[in-house]
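Worksheet for the structure shown next.
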Amino acid sequence: MDYEETFAPVAKMTTIRTLIVVASVRQWDISQMDVKNVFLNGDLQEEVYMVPPSGVSHNQGEVCKLKKALYGLKQTPRAWYEKFSTVIRSLGFCSSDHDSALFVRTTYHGRIILSLYVDDMIITGDDVDGINELKLQLAKRFEMKDLGPLRYFLGIEVAYSPKGYLLSQSKYIANILEQARLSDTRAVDSPLELNVKYVPSDGIPLPDPTLYRTLVGSLVYLTITRPDIAYAVHVVSQFVVSPTTIHWAAVLRILRYLRGTQFQSLLFPSSSSLELRAYSDADWAGNPTDRKSTTGFCIFLGDSLISWKSKKQDIVSRSSTEAEYRAMASTTTEIVWLRWLLCDMGVPLSEPTPMYCDNKSAIQIAHNSVFHERTKHIEIDCHFTRHHLQHGTITLPFISSSLQIADLFTKTHSTKRFRFLLDKLSMLHVNTS
């Protein structure tokens, strides 16, 4: 009753990965700051009253009128974001139109980029004096803590060397394994068995699904730095409502795989270029229950993997070409957004982004405005992809299915094939089994 809007933007993880890659290639230092008691800084737009806290003397029926936000109010995160936005804009920064939690200031001294995730912020750029001044200005407005160079951010461990940055979540994995209480020490070579298909009716329903749901939620967050488990997590996430013993066994297999690859990291080399390339793929009618297809894509900035997805498509596709084309439309959307985002970061892309696809029919439909019985029902996707193809945003080179990296995000694979695809993702492999 005491609020209308509660939404407050936070930095997208793809934005954070992209920002670290740009900083790595351009040899920018990345620093981290934290706001103490962050939600107490927000100014309320509504009239909010509260019962006086215990220990405060007051007359019967008297209440307190809040002047500032407090923890526990649903609009508090929004109030904090609006307060921070006002302050940072007064310092000459502009909010990105493509990620509202990304703030950029460009002067003749250079560029400063700040990314905000609630009370955590990372700052980078080539205007070193400006960054130091920014920290002083923020410390005057809020109670800040300078955490120095970026080392640990939102559960992500960041290691730096002149060769680039390494992102991992090994501590987070250790916490997940401890929470699961695995009774053995076995490790496996892949997250899912080859050709396995799961349906809701498999197995016996779990008497208490709480641990299953908790672990799957943790695994979803782990995919921030572990694209190798993205497809497996996509599969087990579909059964959180009514998990069974079979689905639980699938989660345990993912955990055993993580035990053997706990220190695997995403590598963002400083010697990389800053050109985008994308891989798009689909597994036609791969879901045995509803026969929907799975979209998979991965996008690289130079040699660094910055964006990926494994997601079931919304509607049933009538052919593999249609499934591939819907995947291409999703990938095109991500490419367009990333190109805009990179431009905000001072990395304009003059050349079209190649999107590698292994389906010649889908590529042909994108190039030619021929609609017939097999394609008229996917016309919107056709128009969208073809529009960006004709305007030079993307190109559509064909790639052999054996070299299609996005295949990793659409289905299970043999250990040999899984390892081959994984080697293409610019990850540092550290096996702990």
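Smallest separation of non-hydrogen atoms from Ser272 and Val25: O-CG1, 3.4 Å. Contact detail for Trp308 and Ile224: the closest heavy-atom pair is CH2-O, 3.3 Å. Scanning all heavy atoms of the two residues, the minimum distance from Val233 to Thr223 falls at CG2-CG2, 4.0 Å. The heavy-atom pair separating Ser307 from Phe297 by the smallest distance is OG-CE1, 3.8 Å. Between Ser310 and Phe409 the shortest heavy-atom distance is OG-O, 2.7 Å.
Atom OG1 of Thr124 is separated from atom CG of Leu19 by 6.0 Å, given to the nearest 0.5 angstrom. One finds the CG atom of Asn41 at 6.0 Å from the NZ atom of Lys83 (value rounded to the nearest 0.5 Å). Expressed to the nearest 0.5 Å, how far CG of Asp119 lies from NZ of Lys145 amounts to 11.5 Å. Considering CD1 of Ile306 and CD1 of Ile16, their distance stands at 13.0 Å, rounded to 0.5 Å. Summarising the geometry, atom CD1 belonging to Ile363 is positioned 9.0 Å from atom CD belonging to Glu324; distances are rounded to the nearest 0.5 Å. One distance of note links CD1 of Ile131 with CG of Leu136; it measures 12.5 Å at 0.5 Å rounding.
The local environment of CD in Gln27 is crowded, with over 12 non-hydrogen atoms from other residues, nucleotides or ligands closer than 6.0 Å. Counting non-hydrogen atoms of neighbouring residues, nucleotides and ligands closer than 6.0 angstrom, the NZ atom of Lys197 exceeds 12 such neighbours.
Checked by atom type and distance alone, the side chain of Asp99 pairs as donor or acceptor with a backbone atom of Lys12 at under 3.5 Å. A donor-acceptor pair under 3.5 Å is formed between the side chain of Arg105 and the backbone N or O of Leu91. Glu5 contributes no side-chain N or O that, together with a main-chain N or O of Phe7, makes up a donor-acceptor pair within less than 3.5 Å. At distances below 3.5 Å, at least one donor-acceptor pair connects side-chain atoms of Ser426 with backbone N or O atoms of Leu267. Judged by distance alone, with hydrogens and angles left aside, the side-chain atoms of Ser96 form no donor-acceptor pair with the main-chain N or O of Phe103 at under 3.5 Å. The backbone N or O of Gly203 lies less than 3.5 Å from no partner atom in the side chain of Thr245, so there is not a single donor-acceptor pair. Of the possible polar contacts, none joining the Glu334 side chain to the Ser330 backbone as a donor-acceptor pair under 3.5 Å is found. Checking side-chain atoms of Ser24 against main-chain N and O of Phe268 turns up a donor-acceptor pair under 3.5 Å. The backbone N or O of Ala362 lies less than 3.5 Å from a partner atom in the side chain of Asn359, making a donor-acceptor pair. The main-chain N or O of Phe263 is never found under 3.5 Å from a side-chain atom of Ser170 such that the two would form a donor-acceptor pair.
When only modelled atom types and interatomic distance are considered, Asp344 and His98 share a side-chain donor-acceptor pair under 3.5 Å. Using a 3.5 Å distance cut-off with no hydrogens or angles, the side chains of Thr244 and His247 do pair a donor with an acceptor. Side-chain N/O atoms of Ser31 and Lys135 include a donor and acceptor closer than 3.5 Å. With no hydrogens or angles considered, no side-chain donor-acceptor pair links Arg326 and Ser293 at under 3.5 Å. Side-chain atoms of Arg213 and Thr210 form no donor-acceptor pair, as typed in the model, at a separation below 3.5 Å. Checking Arg253 against Ser190 by side-chain atom types alone, a donor-acceptor pair falls below 3.5 Å. Using a 3.5 Å distance cut-off with no hydrogens or angles, the side chains of Thr295 and Gln313 do pair a donor with an acceptor.
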Note to self: If you apply the rule salt bridge (charged side-chain N to carboxylate O under 4.0 Å, His left out), what do you find for Arg26 with Asp126, and how did you get there?
What the structure shows: CA-CA 9 Å; Arg26 296 196 163 171; Asp126 54 357; over 6 Å; no
Item checked: Verdict with reasoning, His367 to Leu389, per side chain to side chain contact (heavy atoms under 4.5 Å, CB included) -> CA-CA 8 Å; His367 279 283; Leu389 179 65; 3.6 Å; yes
Next item on the list: Apply the test side chain to side chain contact (heavy atoms under 4.5 Å, CB included) to residues Thr289 and Gln238: give CA-CA distance (whole Å), side-chain angles for both, the deciding distance (0.1 Å), then the verdict.
Entry: CA-CA 11 Å; Thr289 304; Gln238 297 177 44; over 6 Å; no
Checklist line | Arg339/Thr393 under side chain to side chain donor-acceptor pair (under 3.5 Å): CA gap, chis, key distance, verdict | finding: CA-CA 9 Å; Arg339 288 174 67 95; Thr393 308; 5.3 Å; no
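Lys424 forms no cation-pi arrangement with Tyr279, by the criterion of a distance under 6.0 Å to the ring centre and an angle within 45° of the ring axis.
Under the 30°/60° scheme for interplanar angles, the aromatic rings of His391 and His387 are found to be tilted. Note: Phe142 and Trp80 have perpendicular aromatic rings, judged against thresholds of 30 and 60 degrees for the angle between ring planes.
For Phe39, the ring-ring contact (aromatic ring centres under 6.0 Å, His included) partners at least two apart in sequence or on another chain are Tyr71.
Taking 4.0 Å as the cut-off between side-chain N and carboxylate O, Arg111 and Asp127 do not count as a salt-bridged pair.
Taking the six-membered ring for Trp and the full ring otherwise, the centers of Tyr257 and Phe418 sit less than 6.0 Å from each other.
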